[in-house]
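Let me begin by presenting the structure, written as structure tokens, before commenting on it.
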Number of protein chains: 2
Amino acid sequence: MSSSEGPRRPVGINDVAARAGVSPGTVSNVLNRPERVAESTRRRVERAVQELDYVRNSSGRSLRSGRSDSVGLLVLDVTNPFFAEVARGVEDTAGEEGLAVVLLNSAEQAARQRRSIRLLAEQRAAGAVIMPVDGDTTDLLWLRKQGVPGVLLDRGDVSAETACSVSVDNHAGGMAAGRHLINLGHERITYLSGPAELEQCRTRLEGLRAAVAESGGDPDRAVRVIRTAQLNAESGEKAVEEVLAGGPRRRPQAVFCTNDQLAVGVLKGLGERGLSAPGDLSVVGYDDVNLAALVHPGLTTVAQPKYELGRAAMELLLSELNDQEHHHERLRFAPELVVRGSTAAYRP
Amino acid sequence: MSSSEGPRRPVGINDVAARAGVSPGTVSNVLNRPERVAESTRRRVERAVQELDYVRNSSGRSLRSGRSDSVGLLVLDVTNPFFAEVARGVEDTAGEEGLAVVLLNSAEQAARQRRSIRLLAEQRAAGAVIMPVDGDTTDLLWLRKQGVPGVLLDRGDVSAETACSVSVDNHAGGMAAGRHLINLGHERITYLSGPAELEQCRTRLEGLRAAVAESGGDPDRAVRVIRTAQLNAESGEKAVEEVLAGGPRRRPQAVFCTNDQLAVGVLKGLGERGLSAPGDLSVVGYDDVNLAALVHPGLTTVAQPKYELGRAAMELLLSELNDQEHHHERLRFAPELVVRGSTAAYRP
DNA sequence: CAGACCGATTAAAACGTGTCAATGGCCATG
DNA sequence: CATGGCCATTGACACGTTTTAATCGGTCTG
């Protein structure tokens, strides 16, 4: 078609208007409210659009409207399959509404989170789904003051006056894991936790302790806590040393990990020392990522509805964007224990 | 500070200028070329910026400049850990340059790829890193015609006249896996491939066949190919049935999978049938994702420098954006065989 | 002392779009 | 035929920023 060489200047709505013999305003109408324009002119404009290969400029659009058509998704770690699955849910839902998703990665660092939030403000993002690094909601509030509403993900402890939130009941999850282990006869349980700042780590522990108390045990005696710096398999593998410290007699009968990655690391670490689950030790994870079903033995774990979590968060955000009457909502899913091969009854 | 209620209208560069008693142009200069403005006024402006909590509007910015400060990253599958690792490399590098990364997901569908590319054009993205669904480069060329340069990832077969590209030598990778298996004495090898459109699948197979030929074998006899619809563990698990078809005597001695996920699925499928690697069958994967080291037995696989791949792609893109003199470059990394427990010598 | 020059600042014009009040043409009604 | 009303279209402006050329006050030079 166009045989002209070199980078020509981009074609705008005015060029289309000229070509179709109408005013720019009409072209805009064809693009945004086609019903307002007569059929014949509409076709003429559409043809001009095709011939010139016009693509609209979203800078101009959002400058005029004060709002862009992309939403932010701020996650703690792109490489964690849990977040990837959540992202898929968010993305699918946003896509159905014609919104683009900007994926930002805080890598669990408050400074990076702050940078990302500032970026969203500069972009005048339509909204954001945020998994915060810590309990501090000032960043979120600031963003909202700038006109960008946010939905919290995986943070059940935030008041509904602040924002919508979607989470899974971590207390119930911890309890489910605890009950399972107790029913199997385990009395000394080690809880392998990630960084203490993460609410998930703390609440799941409380659930575990509640399960112990419920069965008449003393949480302070029965549950020992070990912290790792990060939530990945490597950290879990390293932690095995500490888990086993104290020798075979004082060794725990079960390990409950706050995350599947950690749990898989533990399985590996055990193997390296000639031990294995569930023979020497029962192991429970959390999340039910793909991986959990694939390792040997299959990992008993607390499943979270990951994809639905992302979808629900985005739907809440959409409701806040579209409905004139909006009340913040606190949505909470129920986790589900999935029993596989890594846990078994205690044999003294 | 500000105790005013309700959503106030956003503060712009003009408000800052008024507050500081200067013209908007000066504020812009303070923000973008501070050296041009006198120290005293600069401080005055900076103070006004702080007091008003001004955040700049990137729509206005990029409307004026014709270019936004975000780059696109189009991947085939967000949930695949290989891509997640690549994304991390891209994001880190872009972040150092102050560029935001818009992550888009084609889910291996040409239609979604097209939509995403259109979106990047509308945003007037500064550039893009693209992992194309198929060999068709028209989308890429169209995007470039719209003024958005793109770097191809994982597509070594594209001419350097079209665009920069970064890839890992798939032929060499296939060959490394092939040689390894041949050295172990395996003579009947099944290649478990993903969709035929993906160049990676085809080229790795060629490498495998080359290794067979090199050792004096006949590729057509020694290598059998099975295709799966997707590149995930589930597909691999399902494919086991077909892999084993023909009974114990005609069963392959080794399976080379185009992807670790597939390989892990195969391991699982074998287990379900009472078989295991490497006792009954050797299994080799590709990518060396985290998972590969964590399953039992550890997966022998062809490692790719994932993070570096992302980083290099972004650096190439940056060079194209910043250097006035730019020549397209074809960067190719070397893969590396990682031997773990899933392969062993053939015992008849 | 006149003129040139310099650095700091400003005024104004653009970028591409959406919206809204105003315009024009047309038909139906009185 | 005159009037009113309706619909399709238009013209002009606003959004927030960057940039260029112009302006201003002041200092140096001949």
Side-chain angles (χ1 to χ4, degrees), chain A residues 7-46 48-49 52-70 98 121-126 146-147, chain B residues 7-46 48-49 52-70 121-126 146-148:
Chain A
R8 42 153 207 239
R9 89 172 185 72
V11 0
I13 216 176
N14 293 293
D15 306 300
V16 177
R19 174 101 176 196
V22 296
S23 84
T26 301
V27 176
S28 175
N29 279 333
V30 170
L31 264 39
N32 301 311
R33 302 114 97 189
E35 71 280 3
R36 288 205 190 173
V37 43
E39 167 113 8
S40 67
T41 50
R42 186 175 66 210
R43 272 210 297 262
R44 205 144 31 98
V45 170
E46 279 165 352
V49 165
L52 294 178
D53 201 10
Y54 163 75
V55 333
R56 58 190 196 179
N57 183 325
S58 49
S59 301
R61 263 164 94 59
S62 60
L63 174 57
R64 165 70 213 202
S65 68
R67 184 93 305 147
S68 96
D69 52 357
S70 56
E122 289 183 1
Q123 313 244 55
R124 303 294 191 267
Q146 300 298 328
Chain B
R8 41 148 211 241
R9 89 171 185 72
V11 0
I13 217 175
N14 291 292
D15 306 298
V16 176
R19 174 102 177 196
V22 298
S23 84
T26 302
V27 177
S28 174
N29 279 333
V30 170
L31 264 39
N32 301 311
R33 301 113 97 188
E35 71 281 3
R36 289 204 188 174
V37 43
E39 168 114 9
S40 67
T41 51
R42 186 175 66 212
R43 273 209 297 261
R44 206 144 32 99
V45 170
E46 279 164 352
V49 165
L52 295 178
D53 200 11
Y54 164 76
V55 333
R56 57 189 196 181
N57 183 324
S58 48
S59 302
R61 257 165 100 59
S62 59
L63 174 58
R64 166 69 212 202
S65 67
R67 184 92 306 147
S68 95
D69 51 358
S70 56
E122 289 183 1
Q123 314 243 57
R124 303 295 191 267
Q146 300 298 329
V148 181

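Reminder, nothing fancy here: chain letters follow the sequence lines and each chain counts from 1.
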Nearest to the side chain of A:L63 - D:dT10, D:dT17, D:dG16?
D:dG16
Could you tell me whether A:S65 contacts a base, only the sugar-phosphate backbone, or nothing, with contacts defined as non-hydrogen atoms closer than 4.0 Å?
nothing
Closer to the 5' end of DNA chain C via nearest nucleotide, is it A:N14 or A:R36?
A:N14
Can you figure out which of D:dT18, D:dT9, D:dG16 approaches the side chain of B:P10 most closely?
D:dG16
Just how far, in rounded Å, is P of D:dT17 from CG of B:D69?
13 Å
Out of D:dA8, C:dG18, D:dT17, minimum distance to the side chain of B:N57 belongs to D:dT17
What heavy-atom pair brings A:A20 and A:A48 nearest, and what distance separates the two atoms?
CB-CB, 4.0 Å
If you look at every strand shown and take non-hydrogen atoms under 4.0 Å, does A:G25 touch a base, only sugar-phosphate, or nothing?
base
Where the side chain of B:R56 is defined as all heavy atoms beyond and including C-beta, which of D:dT17, C:dT19, D:dT10 is the nearest nucleotide?
D:dT17
Under 4.0 Å, heavy atoms only, any strand: does A:T41 hit a base, just the sugar-phosphate, or nothing?
sugar-phosphate
Between B:S40 and B:R64, which is nearer to the 5' end of DNA chain C once each is assigned its nearest nucleotide?
B:S40
To the nearest angstrom, the CD-P distance between B:Q123 and C:dC15 comes to 21 Å
Decide side chain to side chain contact (heavy atoms under 4.5 Å, CB included) for B:V11 and B:D53; before the verdict, give the C-alpha distance in whole Å, the side-chain angles of both, and the deciding distance to 0.1 Å.
CA-CA 8 Å; B:V11 0; B:D53 200 11; over 6 Å; no
Let me know the distance between CG of B:N29 and C1' of C:dT10, rounded to the nearest Å.
10 Å
Closer than 4.0 angstrom, basic N to acidic O: yes or no for B:E46 and B:R43?
no
With heavy atoms under 4.0 Å as the rule, sort A:S28 into base, sugar-phosphate or nothing.
base
Side chain of B:R61 (C-beta onward), nearest among D:dT17, C:dG18, C:dG16
D:dT17
note: B:Y54, atom OH; D:dT17, atom C1'; distance rounded to Å ~ 7 Å
Ranking D:dC15, D:dT18, C:dT17 by distance to the side chain of B:I13, first place goes to D:dT18
